[in-house]
Amino acid sequence: MNTVYIGLGSNLSDPEQQIKQALHAISAMPDSELVKTSSLYFSRPMGPQDQPDYMNAVAKLHTQLTPLSVLDHLQAIENKAGRIRKENRWGARVLDLDILLYDQELIENERLTVPHYGLKAREFVLIPLAEICDDLVLPDGDKIQTLASNIPANGLKIHSQLSYPLQMR
Ligand code: ROI
């Protein structure tokens, strides 16, 4: 059994619903169990500011799938949501699903870098991670609680709870 943390983000096409639907799809992944979700957060865009605010959340998954198989499933969920790949790397997106951590593994290949390269610089990742796992330690020994309490919140705020099992509209 492996523990995977997934970052979810959306700023187009009803972001709240995109994130709820994505969590529902993640909960249906084979050989996996969605064990915890953070609150749903409002966040200011990182990168170009001429795009809508984001909704972000993180989820904790137990899985028997390999990292690349998890990635395949997440990309299929993104594609189903209408995500167009090769769009502006820093631009608005319907749905972004990132593998943040896979156990304590360090993964570096052409499809995947874990821990996620942006993890330590993103308040919309660190603060929700600290919410659901306050004793989490990164592979390099950094404590999530320390990182989360030292990063500027940049307007990040809780929008609503994501109770699980999810209430689908
Ligand atoms: N900014 C915020 N606030 N949330 C995101 O999920 C997000 N995702 C991105 C970029 C464009 C870096 N900015 C973001 O990919």
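Every number for a ligand or one of its atoms is a count from 1 in the order of the listing. In what follows, every heavy atom counts, from backbone to side chain, and hydrogens, waters and symmetry copies are set aside.
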Which atom pairs, one a donor and one an acceptor, fall under 3.5 Å between side chains of residues 1-10 and the rest of the protein, sequence neighbours left out?
residue: Asn2; atom: ND2; partner: Thr63; partner atom: O; Å: 3.1
residue: Asn2; atom: ND2; partner: Tyr102; partner atom: OH; Å: 3.0
residue: Ser10; atom: OG; partner: Leu12; partner atom: O; Å: 3.4
residue: Ser10; atom: OG; partner: Val94; partner atom: O; Å: 2.7

Validation: residues 64-72 side-chain donor-acceptor distances under 3.5 Å, sequence neighbours left out:
residue: Thr66; atom: OG1; partner: Ser69; partner atom: N; Å: 3.1
residue: Asp72; atom: OD1; partner: Arg111; partner atom: NH1; Å: 3.0
residue: Asp72; atom: OD1; partner: Arg111; partner atom: NH2; Å: 2.9

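Side-chain contact check for Ser13 and Gln18: no donor-acceptor pair (N or O, by modelled atom type) lies under 3.5 Å.
Stacking of Arg122 on the aromatic ring of Tyr54 is not recorded, the 6.0 Å distance cut-off and the 45° axial limit not both being met.
Under 4.0 Å is where a charged nitrogen must lie from a carboxylate oxygen, and between Lys157 and Asp53 no such pair does.
Residues that satisfy the side-chain contact (heavy atoms from CB on, under 4.5 Å) test with Lys143, not counting sequence neighbours, are Val137, Thr146.
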Dump all N/O pairs between ligand 1 and the protein below 3.5 Å as a table: atom names plus distance, one pair per row.
residue: ligand 1; atom: 1 (N); partner: Met46; partner atom: N; Å: 3.0
residue: ligand 1; atom: 3 (N); partner: Ser43; partner atom: OG; Å: 2.8
residue: ligand 1; atom: 3 (N); partner: Arg44; partner atom: O; Å: 2.7
residue: ligand 1; atom: 4 (N); partner: Asn56; partner atom: OD1; Å: 2.9
residue: ligand 1; atom: 6 (O); partner: Asn56; partner atom: ND2; Å: 2.8
residue: ligand 1; atom: 13 (N); partner: Met46; partner atom: O; Å: 2.9
residue: ligand 1; atom: 15 (O); partner: Arg93; partner atom: NH1; Å: 3.3

